[in-house]
Amino acid sequence: HRDLHSFPTRRSSDLGWDSGYAIAVDSEGCAYVTGYTEDSGTDMVTTGGVIDTTINGFNDVFVCKLSADGSSLEYSTFLGGSMMDYAYNIAVNALGCVYVTGITEDYTLDFPTTSGVINQNHNGDFDIFIAKINPTGTNLEYSTFLGSAANDYVEGLAVDEIGNAYITGYTNQGTFPTTLGAMNETINGGYDAYVCKINPTATTLIYSTFIGGAASDYALDIAIDNNNCTYITGYTSSDNFPITSGCIQDHRVNNEEVFICKLNNAGTGLEYSTYLGEWGYEHGDNIAVDPMGCAYVTGYTISTFFPTTPGAYDTSIGGNDDVFLSKINPTGTELAYSTFLGGTSLDHPDAIDIDNEGCVYIAGVSFSTEYPTTTGVINETLNGNSDGVVSKIKIETDLLPSADFSTSSTKITKGGSIQFTFTGSTGNNPAGFQWKFEDNEGNSTEMNPTHKYETVGSFTAKLTVTDKDGDVATGSVEVT
């Protein structure tokens, strides 16, 4: 689950610009905001005892924590060196530690890093930075560079339950760090997308890989699922972008086209990868993943023929650039849902999130007087040239479940355990799981159980998946 990112907001003053680029919310309802400021150092509010109370250069990153009711600053700090520093992404973990990533032009070599991290040295023009801040905003738990000899860009950030950080973006330099055994260790041409997984102390790149074809490929967002598989979306101009067999769309139609990729949790291969688009251009801007492994992608398109599904909210494009929302099944082989969303002018998304009921929330910006609104909301009409918009969409799909699964082994040893991993489809969420193991050692209702066999013998492990509509699928395997 990736924390919602806000669309950019700015406050102008005689002392400079303050630009808020990303927001995250913790379990207590406190909000964390990051971005950058051109403030002279006398106007931007900071709090006592934080990492840095004074601005350091042309642009500095800021990180703020607001109370749950928005009435007070829990902390507010600068982060930066003497040159230009920009923050674009933020996440918060269960302990209240904050992760921030962006880019820095650290020619003066004074952007703050910590000892023992992946890279304490600035590598080129704009380098990526990843920083982790303690819950009180008083200390950097880690701060590291990541980059090549030229410009590198970061667009997405996710953090898993144990504190591994995942980032994506794009680079045109083959010297960008990759790891041995990763899916693609060498750059392919133009700009390539990349995906990196960083350990909880930022001392090691767990994996780092390029993804791309012979032209340019730009990754714009990242999400992770319950198994720590990684999902990215963006857009590509490559005809040979890596695509998997049986995917939704195996060829590029024209110009810039959306891609959606799922990487395995080791970063060594693709679970699926597909194009998505039609004649014109499309950008995949944001991605989220539900507990069952369905990916939700939003972006914008100018294509009249962008793929939609029967019965979707809007199957016709409304204007120059329309928002799209597409739901991908867990195997990347089917569009479970796809719709346009917009008016007659320009409409762009900037954030996506999903709730436990399968509702999707999209935030962005609209220039359309006819952008669809509902009765009784805060504001039903466009107020100026462009307005921020928030839309909630209830997706109704008619998918059937399947009960496919894999096992870590089919050989039983006394006292040994076998991991069962669900790889099928949940149908219409939410779905229930019933595992029966036939060895009198208990059954399970988890999605991915581990079962310990105390008896050696031959047993059938059977899975039954039931979705919310009552559709049922079964699967089984013999273990001996």
Side-chain angles (χ1 to χ4, degrees), residues 21-22 34-37 51-52 55-63 77-91 97-134 137 139-159 163-180 182 185-187 191-211 218-219 222 230 267:
Y21 263 83
T34 196
Y36 64 91
T37 179
I51 295 166
D52 194 348
I55 197 162
N56 302 281
F58 296 105
N59 293 330
D60 258 17
V61 170
F62 66 84
V63 181
T77 184
F78 291 112
L79 180 66
S82 301
M83 301 302 289
M84 292 187 288
D85 312 300
Y86 303 89
Y88 298 130
N89 303 280
I90 192 168
C97 295
V98 172
Y99 300 74
V100 177
T101 187
I103 57 175
T104 177
E105 186 188 40
D106 189 36
Y107 294 132
T108 51
L109 306 179
D110 58 356
F111 187 92
T113 58
T114 52
S115 63
V117 293
I118 296 164
N119 191 347
Q120 290 183 259
N121 300 312
H122 187 254
N123 302 281
D125 293 336
F126 276 103
D127 260 15
I128 297 159
F129 72 84
I130 307 100
K132 180 182 178 183
I133 299 171
N134 73 342
N139 190 49
L140 279 172
E141 298 213 348
Y142 70 68
S143 179
T144 184
F145 292 116
L146 190 67
S148 67
N151 289 326
D152 309 293
Y153 302 94
V154 61
E155 296 287 347
L157 166 69
V159 178
N164 295 309
Y166 304 72
I167 62 169
T168 195
Y170 50 92
T171 181
N172 64 356
Q173 286 292 310
T175 56
F176 188 89
T178 56
T179 50
L180 185 65
E185 298 176 40
T186 57
I187 200 162
Y191 278 93
D192 262 16
Y194 66 81
V195 178
C196 302
K197 180 178 180 179
I198 299 157
N199 77 332
T201 55
T203 55
T204 303
L205 269 177
I206 296 174
Y207 69 74
S208 181
T209 183
F210 292 112
I211 303 175
Y218 303 89
I222 191 168
T230 307

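Residue indices begin at 1 and follow the sequence shown.
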For this session: May I have the step-by-step check of side-chain contact (heavy atoms from CB on, under 4.5 Å) for L146 and N119, ending in yes or no?
Result: CA-CA 6 Å; L146 190 67; N119 191 347; 5.9 Å; no

Problem set entry | Worked verdict on L140 versus I133 for side-chain contact (heavy atoms from CB on, under 4.5 Å) | CA-CA 5 Å; L140 279 172; I133 299 171; 4.0 Å; yes

For this session: Apply side-chain contact (heavy atoms from CB on, under 4.5 Å) to N164 and N199, showing your working.
Result: CA-CA 5 Å; N164 295 309; N199 77 332; 4.2 Å; yes

For this session: Please test T104 against D85 for side-chain hydrogen bond (donor to acceptor under 3.5 Å, both in side chains), starting from the C-alpha separation and ending with a verdict.
Result: CA-CA 4 Å; T104 177; D85 312 300; 2.4 Å; yes

For this session: Begin from the C-alpha positions of V154 and F129 and carry the test side-chain contact (heavy atoms from CB on, under 4.5 Å) through to its verdict.
Result: CA-CA 9 Å; V154 61; F129 72 84; over 6 Å; no

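A distance of 12.5 Å separates CD1 of I211 from CD1 of I187, quoted to the nearest 0.5 Å. If you take CD1 on I167 and NZ on K197, they are separated by 13.5 Å, rounding to the nearest 0.5 Å. Once rounded to the nearest 0.5 Å, the distance linking OG1 of T186 with CZ of F210 reads 7.5 Å. Here the CG-OG1 distance, from L205 to T179, works out to 6.5 Å after rounding to the nearest 0.5 Å. Summarising the geometry, atom CG belonging to N89 is positioned 7.5 Å from atom CD belonging to E155; distances are rounded to the nearest 0.5 Å. Here the OG1-CG distance, from T113 to N121, works out to 7.5 Å after rounding to the nearest 0.5 Å.
Counting all heavy atoms, side chain and backbone alike, Y142 lies closest to T114 at CA-OG1, 3.2 Å. Across F111 and L79, no two heavy atoms sit closer than the pair CZ-CG, 4.3 Å. For M83 against E105, the heavy-atom pair with the smallest separation is CB-O, 2.6 Å. Taking both residues in full, the closest heavy atoms of I103 and Y153 are given as CG2-CA, 4.3 Å, listed atom of the first, atom of the second, then distance. Across every non-hydrogen atom of F126 and M84, the tightest pair is CE2-O, 4.0 Å. For T34 against I90, the heavy-atom pair with the smallest separation is CG2-CB, 3.8 Å.
A distance-only check finds a donor-acceptor pair linking the side chain of S208 to the backbone of P177 [under 3.5 Å].
Side-chain contact check for D52 versus T77: some heavy-atom pair is nearer than 4.5 Å. Counting only heavy atoms from C-beta outward, the side chains of F62 and I55 never approach each other to under 4.5 Å. Between T178 and T209 the shortest side-chain heavy-atom distance does not fall below 4.5 Å. Put simply, the side chain of V117 does not reach to within 4.5 Å of the side chain of F145, judged on heavy atoms. Contact check for D127 versus D152: side-chain heavy atoms found under the 4.5 Å cut-off. Proximity of N59 to Y86: side-chain heavy atoms (C-beta onward) are separated by under 4.5 Å at one or more points.
Using the six-membered ring where Trp is involved, Y170 and Y218 have ring planes that are perpendicular, over 60° apart on the 30 and 60° scheme. Ring planes of Y21 and Y36: parallel class, angle under 30° (limits at 30 and 60°).
Residues Y194 and S148 have side chains that never bring a donor and an acceptor to within less than 3.5 angstrom of each other.
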